[in-house]
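Okay, so here's the structure we're looking at.
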Amino acid sequence: LYLDLHGHSRKKNIFMYGNADGTRSLKERLFPALLSRASDQVNFEDCCFKVQKSKESTGRVVAWKELGITYAYTVEASFCGADAPSSINTHFDMCHLEQFG
């Protein structure tokens with residue numbers, strides 16, 4: 001498992017960027033799907049598994065392509081908080097981030 005942790009300034013929620021080789025493989029989607037079931041701040045619908053040409057030098061893509069790590073992700077936590085009913089109009093604080101893990 002490889003995680004590159006980032007803050008996001010525009011989209012709400014916690015979401016992940018993963019890697020897929022063009023097939024709709026489920027194994028790359030499993031970890032984000034499990035996290036979204038464990039926390040209402042994680043939104044699986046916001047996750048993306050396509051590798052754009054401009055992202056080929058990012059840590060997650062290098063870990064996936066060159067090191068063979070299947071479960072390599074960029075985790076984005078919004079500076080704006082989540083849009084889940086329990087978090088509307090609040091920013092993430094340390095308690096939210098600790099709950100996420």
Side-chain angles (χ1 to χ4, degrees):
L1 178 64
Y2 172 91
L3 299 176
D4 188 6
L5 306 176
H6 287 230
H8 201 283
S9 62
R10 288 179 255 157
K11 284 174 76 173
K12 288 190 172 189
N13 303 311
I14 296 172
F15 56 95
M16 302 172 83
Y17 292 109
N19 307 298
D21 58 6
T23 64
R24 287 200 37 96
S25 174
L26 296 178
K27 63 184 174 184
E28 292 88 359
R29 291 167 170 75
L30 180 61
F31 183 65
L34 291 173
L35 286 178
S36 71
R37 288 181 178 231
S39 172
D40 65 350
Q41 279 104 25
V42 179
N43 189 335
F44 184 75
E45 298 299 318
D46 289 338
C47 295
C48 180
F49 301 92
K50 295 179 183 176
V51 178
Q52 298 172 337
K53 185 113 176 116
S54 63
K55 301 297 182 186
E56 289 184 352
S57 63
T58 62
R60 73 172 163 95
V61 178
V62 170
W64 174 58
K65 282 188 172 181
E66 296 189 22
L67 302 177
I69 301 172
T70 300
Y71 304 103
Y73 304 95
T74 300
V75 180
E76 297 278 356
S78 174
F79 295 130
C80 302
D83 57 12
S86 64
S87 303
I88 290 178
N89 297 324
T90 62
H91 293 280
F92 286 131
D93 60 20
M94 289 302 293
C95 291
H96 290 111
L97 298 174
E98 286 174 354
Q99 178 188 15
F100 170 69

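Every value quoted in this text rests on a predicted model; they were computed, and no experiment measured them.
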Can you confirm whether Glu56 is buried at CD, in the sense that more than 12 heavy atoms of other residues, nucleotides or ligands lie under 6.0 Å from that atom? yes
By salt bridge (Lys or Arg N to Asp or Glu O under 4.0 Å), Lys11 pairs with (sequence neighbours left out) none
Test side chain to side chain contact (heavy atoms under 4.5 Å, CB included) applied to Glu45 - qualifying residues, sequence neighbours left out: Asn43
Is the Lys NZ or Arg CZ of Arg29 less than 6.0 Å from the centre of Phe44's six-membered ring, within 45° of the axis? no
Is a side-chain N or O of Arg60 found less than 3.5 angstrom from the main chain of Tyr2, in a donor-acceptor match? no
Can you list everything that forms a side chain to side chain contact (heavy atoms under 4.5 Å, CB included) with Leu30? Sequence neighbours excluded, please. Leu34
Find out whether Met16 and Leu35 are in side-chain contact, i.e. whether some heavy atom of one side chain is under 4.5 Å from a heavy atom of the other. yes
Give the minimum heavy-atom separation between Ala33 and Ser36, together with the two atoms involved. O-OG, 2.7 Å
Examine distances only and state if a side-chain atom of Tyr73 and a backbone atom of Leu1 form a donor-acceptor pair shorter than 3.5 Å. no
Phe15: partners by ring pair (Phe, Tyr, Trp, His ring centres under 6.0 Å), with sequence neighbours left out: His8, Tyr17
For Tyr71, which residues count as a ring pair (Phe, Tyr, Trp, His ring centres under 6.0 Å) partner, sequence neighbours excluded? none
With a cutoff of under 4.5 Å between side-chain heavy atoms, which Ile, Leu, Val, Met, Phe, Trp and Tyr residues group with Val51? Val61, Trp64
